[in-house]
2 protein chains.
Amino acid sequence: MTGKTAAEARRTSIGAQRNPASQDAILQAAEEILVENGLGSFSIEAVARRAHAGKPTIYRWWPNRAILLLDVYHRQKYVDIAPDTGTIETDIFQLLSGLFEFWSAGHGGAVFRSVIAEAQTDPAACKAVAAYMADRYRQGGEIFRRAKARGDVADWVVPELAMEIITSFAWKRLLTDRLDMTPEELRLVVRHLVHGFEVT
Amino acid sequence: MTGKTAAEARRTSIGAQRNPASQDAILQAAEEILVENGLGSFSIEAVARRAHAGKPTIYRWWPNRAILLLDVYHRQKYVDIAPDTGTIETDIFQLLSGLFEFWSAGHGGAVFRSVIAEAQTDPAACKAVAAYMADRYRQGGEIFRRAKARGDVADWVVPELAMEIITSFAWKRLLTDRLDMTPEELRLVVRHLVHGFEVT
DNA sequence: ATCTATAGAAACGGCCCGTTTCGATTGATG
DNA sequence: CATCAATCGAAACGGGCCGTTTCTATAGAT
């Protein structure tokens, strides 16, 4: 027992097994760097410094930047992707509203932006993101399956594709730094999505 | 006159003015690197080597990576963003189809992906991309203004917003490397966009 | 003829890459 | 209880790119 605080104390091996304290410190340091200084300042060296960890420790468990980024992102716990409010329109409003709030209020937005950017460099990360999104569409498609059962949504609508269209808009707003939408603006977007453009 | 070919010949100053040959060589080298090896291999040093240019020459005219990338992108000439086929549905189909073709067949896709990724690191580049897109929406909104005049599109539809929703889908497909769509799949997407999800 | 801004080459200190080496730690094994 | 094995953080490696500075050569403008 030294006089150092927990943050200053040097972590060491706990035997021939992974040290959860190091794992946490590394992931948290990585998240902090992303949120405070962005992907530009994100490097394994910087994470190691901030976490008081050795570079080999990081490389041992996260073979590259992209995997570390994905791990940071998956720690962010996310809002309900399939709210059930009774109407398709308010379901989608709730979904987008929650997503925008999650991205702008907390750390989720900064982290996810970084993941998407990294995916443009790393093909494996790109596939991982695409697979993750496909899973999201499957989950969120529940909104449309319920709505179909109620008779509120047309038969030919493909739940997963509709979800992709909806979240695509959210992506673009995130990537162009335009998450600040009023409820009225967001309602207008939802109207375009739900009613389409045609005169009915 | 040396025995060297044009590619090998060393360019030099043409006086106290910018040398267009150097400018072209640099932009072309930058594009080639992006297309062949991706943003990961894109560095000022690499561009300078490939273009047989001095780094100071690059830094003099393009203060940073992002500006050079944007310049490369703007050289790519783009498809018609506002086709006029007579119906809103085929207009949008044409637009998306042309965009996907432009992105996957030529160099446009690889370059634009890189620009978007860079924008996640560089706030100035992010604003530039957002402004560029806003301009695109204004141009492409013409599709909806024409359709409104024909009475094919509802009054409450905001042309720019509708365009943003449409191109958002294209962005997501580009960024997740899923540009390979059959005409049938694309038609289905367009139907979701135009008709919306609701039963009519 | 002189001035001036350009061109490319080379080298600078600094940072990060991914890897290797090292001594210390501690659970698992026999 | 002694040994083994895998982990930990620290430090250092050669290599690459950063953005800048210094250099010589070039050729239009004055």
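The chains referred to below are lettered A, B, ... by the order of the sequence lines, with proteins before strands, and numbering in each begins at 1.
Between the CD atom of B/Q23 and the C1' atom of C/dA5 there is a distance of 16 Å, given to the nearest Å. Following rounding to the nearest Å, B/N64 (CG) and D/dC18 (C1') show an atom-to-atom distance of 13 Å. What separates CZ of A/R50 from P of D/dG9 is a distance of 17 Å, to the nearest Å. Between the CZ atom of A/R18 and the P atom of D/dG9 there is a distance of 11 Å, given to the nearest Å. Rounded to whole Å, atom P of D/dT20 lies 7 Å from atom OH of B/Y59. Going from atom CG of B/D122 over to atom C1' of D/dC18 covers 15 Å, rounded to whole Å. Between the CG atom of A/N19 and the C1' atom of D/dA6 there is a distance of 12 Å, rounded to whole Å. Between B/W62 atom CH2 and D/dG19 atom P there is a gap of 15 Å when expressed in whole angstrom units.
The distance between the ring centers of A/H74 and A/Y132 falls below 6.0 angstrom.
For the residue pair B/R145 and B/P159, the shortest heavy atom distance occurs at CG-CG, 4.2 Å. The shortest heavy-atom contact between A/A48 and A/G54 is CB-C, 4.5 Å.
At the phosphate of D/dC8, OP1 or OP2 sits under 4.0 Å from a side-chain N or O atom of A/W61. Here A/R11 reaches the OP1 or OP2 of D/dG9: one of its side-chain N or O atoms lies under 4.0 Å away. Taking 4.0 angstrom as the limit, B/R65 places none of its side-chain polar atoms (N or O) nearer than this to OP1 or OP2 of D/dC18. Note on B/R10: every side-chain N or O is 4.0 Å or more away from OP1 and OP2 of D/dA25.
The side-chain hydrogen bond (donor to acceptor under 3.5 Å, both in side chains) search around A/T176 returns A/R178, not counting sequence neighbours.
Using the six-membered ring where Trp is involved, B/F100 and B/F169 have ring planes that are parallel, under 30° apart on the 30 and 60° scheme.
Picking from C/dG8, D/dC18, C/dA7 the nucleotide with the shortest atom distance to the side chain of B/A53 gives C/dG8. In the set D/dC18, D/dC8, C/dG18, the nucleotide with an atom closest to the side chain of A/I44 is C/dG18.
When the shell of 6.0 Å around CG of B/D135 is examined, it contains more than 12 heavy atoms from other residues, nucleotides or ligands.
Taking the ring centre of B/W156 as origin, the terminal cationic atom of A/R187 falls outside the region bounded by 6.0 Å and 45° from the ring axis.
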Got a list of protein N/O to nucleotides 10-15 of chain C N/O distances below 3.5 Å?
none

Distances for protein N/O vs nucleotides 26-30 of chain C N/O pairs under 3.5 angstrom?
residue, atom, partner, partner atom, Å
C/dT26, O4', A/G15, N, 3.4

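A donor atom on one side chain and an acceptor atom on the other are found under 3.5 Å apart for A/E31 and A/H107. There is a side-chain donor-acceptor pair under 3.5 Å between B/T90 and B/T85.
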